[in-house]
Amino acid sequence: MSDTPPFKAPIGTHDVLGAESARWEGLIATFANFAHRYGFHLAITPMFEDVGVFKRGIGEESDVARKEMYVFQDRGERTYALRPEGTAPIVRAFIQHNPTTPFKAWYFTPAFRYERPQAGRYRQHHQLGVEVLGTEDPMLDVEVVSLAQRFFEGIGLHRFRLLINSMGDAQCRADYVVLLRDFLAHHADELCDEHAKVWSENPLRVLDCKNERCIAVTNEAPMLIDHLCDACRVHFDAVRGGLRALGIDATLEPRLVRGFDYYSRTTFEFISDALDGAQNAIGGGGRYDGLVEQLGGKPSSGIGFGSGVERLLLTLDAEGIKDDAGLRRDLDIFLVDTVGTDAPVVLLDRLRHEGYSVDRSYDQRSMKAQMKLADKSGARLALLLGPQELAAGEVTMRDLRSGDFGATQDRVAQVDLLAVLAQRLKVT
RNA sequence: GUGGGCGUAGCUCAGUUGGUUAGAGCGCCAGGUUGUGGUCCUGGAGGUCGCGGGUUCGACCCCCGUCGCUCACCCCA
């Protein structure tokens with residue numbers, strides 16, 4: 001025994017094991033399935049990038065870039081950052097490889113931000129998301145938003161809302177910010193303590209401040225949605241029209257201003273009404289028509305969506321959804337072995353080769369103990385292989401889910417086993 | 001970075017105004033006769049009471065520090 005304290009997972013991180021990881025598998029598999037249906041392929045990019053990828057991408061002034069990134073130097077003195085979000089790396093890869101467009105990628109990735117952890121917020125969290133690069137067709141906005149919507153519905157969520165807004169393009173947003181800045185300058189002393197000082201640095205931030213005083217001021221402020229240029233207006237109308245055609249209810253929220261600088265035109269956020277904390281956004285995204293150029297590529301538009309896995313799980317709990325889209329994985333078969341020869345391992349190999357999920361117990365436990373394990377495993381069937389069966393070339397097949405205590409078990413000849421299993425395990 | 005709450009078995013917690021061998025439920029292990037689960041019964045293993053210091057004849061309990069967890073602000077997923 002050592003007298004040093006045991007190691008623990010770093011602050012704000014957590015291990016996902018056992019029953020919890022089964023839920024993760026379910027969510028990820030479901031998302032992958034939806035992404036494939038919408039024509040996306042999986043993109044895997046490095047967990048760390050040149051720090052500039054993120055600084056230039058999300059904006060040097062953003063909180064994330066300023067104080068939340070995990071930045072480090074490798075032995076070659078290169079400065080890297082652990083990815084704080086999923087979009088910039090995909091865009092960097094898009095520029096580097098110049099694929100044909102539209103380039104549609106989905107991802108599952110950890111994201112790292114140095115923040116104080118709290119409910120639904122971690123230093124390492126995980127996101128599921130999609131990105132589409134290379135076209136500004138508003139139908140893509142509709143597809144991305146509807147993919148998110150259908151995914152949330154698919155995992156069983158009910159109590160959530162979709163908020164949508166347009167941030168305009170570089171030109172009309174800049175024109176609007178002049179208006180807003182001018183307006184705020186006349187009301188600076190009425191803002192909340194925080195924004196009274198810093199409103200000038202990023203006037204848009206004031207719009208989504210939850211403080212009553214800021215809200216009172218901004219209620220009278222000009223809104224970007226009323227100052228879009230014609231092109232942005234037409235684009236946004238097309239997006240909203242498309243969503244309406246799909247029966248997806250998107251509430252216009254002129255105050256919706258997302259944190260990263262790269263957003264333009266369509267922005268959206270999914271809010272859960274089941275989460276009562278401040279961390280109630282279960283997903284969000286938008287268009288980033290300037291980002292590719294920002295990172296050194298040819299002007300090219302893009303749109304994406306991301307959702308936090310931990311927060312989705314929290315939301316499923318809050319809504320009382322136990323089944324997680326029916327993706328719990330239980331064993332098909334648990335093998336009980338009291339012979340202690342090679343026969344059981346050979347049988348396991350055969351069954352697994354056939355595609356069944358099979359487990360067994362180890363360390364020569366009593367049959368009673370093995371049956372308890374079989375029960376806990378959730379397996380549908382127990383196969384018993386003991387001296388009697390071995391001698392007769394049979395196995396005993398016992399149904400573990402037959403509700404009553406009546407023993408529904410049969411002896412099956414080993415030569416017939418696969419055929420019988422196919423029958424028994426086929427229909428659920 | 002700032003502030004509140006909490007740290008007792010693997011988990012959820014109890015622990016009387018500080019008093020001697022620290023408890024429960026669940027979980028885990030083993031039994032309940034002759035190879036069989038889910039209910040039930042019996043027994044068992046398992047705790048430096050987060051860590052360090054202080055007060056005291058005596059501290060799980062009081063004080064200080066520290067680390068960790070948690071919740072909130074900020075921002076986001």
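Naming: A, B, ... by sequence-line order, numbering from 1 per chain. Note that the coordinates shown come from a computational prediction; the quantities given were computed from them, not determined experimentally.
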### Task
Return the orientation label for the F305(A) and F268(A) ring planes: parallel under 30°, perpendicular over 60°, tilted otherwise.
parallel
### Query
NA contact type, G283(A), heavy-atom cut-off 4.0 Å: base, sugar-phosphate, or nothing?
sugar-phosphate
### Query
Within this structure, what is the CG-to-P distance between L82(A) and A77(B), rounded to whole angstrom?
17 Å
### Single hit among F34(A), F160(A), F31(A) for ring pair (Phe, Tyr, Trp, His ring centres under 6.0 Å) with F152(A)
F160(A)
### Task
Could you tell me whether K372(A) contacts a base, only the sugar-phosphate backbone, or nothing, with contacts defined as non-hydrogen atoms closer than 4.0 Å?
sugar-phosphate
#### Entry: A77(B) pyrimidine/purine six-ring stacking with H125(A), under 5.5 Å and 30°
yes
### Message
For F103(A) and F94(A), I'd like to know if the aromatic rings sit close, meaning centre-to-centre distance below 6.0 Å.
### Response
yes
### Message
Using a heavy-atom cut-off of 4.0 Å across all strands, would you classify D399(A) as base, sugar-phosphate, or nothing?
### Response
base
### Query
Quick one: stems for RNA chain B, with Watson-Crick or G-U pairs under 3.5 Å, at least three in a row?
B:1-7 with B:67-73, B:10-13 with B:23-26, B:28-32 with B:40-44, B:50-54 with B:62-66
#### Entry: Pair R83(A), T109(A): side-chain N/O donor-acceptor within cut-off below 3.5 Å
yes
### Message
Categorize Q124(A) for me: base, sugar-phosphate, or nothing, with a 4.0 angstrom heavy-atom threshold over every strand shown.
### Response
nothing
### Task
In sequence, state the C-alpha distance, the side-chain angles, and the governing distance for E143(A) and K104(A), and then conclude on salt bridge (charged side-chain N to carboxylate O under 4.0 Å, His left out).
CA-CA 11 Å; E143(A) 280 204 25; K104(A) 302 171 82 173; 3.5 Å; yes
What pairs of nitrogen or oxygen atoms, one from the protein and one from nucleotides 69-74 of chain B, lie under 3.5 Å apart?
| residue | atom | partner | partner atom | Å |
| --- | --- | --- | --- | --- |
| C71(B) | OP2 | A119(A) | N | 3.1 |
| A72(B) | OP2 | Q118(A) | NE2 | 3.4 |
| A72(B) | OP2 | A119(A) | N | 3.4 |
| C74(B) | N3 | R121(A) | NH1 | 3.0 |
| C74(B) | N4 | Q118(A) | OE1 | 3.1 |
| C74(B) | N4 | R121(A) | NH1 | 2.2 |
| C74(B) | N4 | R121(A) | NH2 | 3.2 |

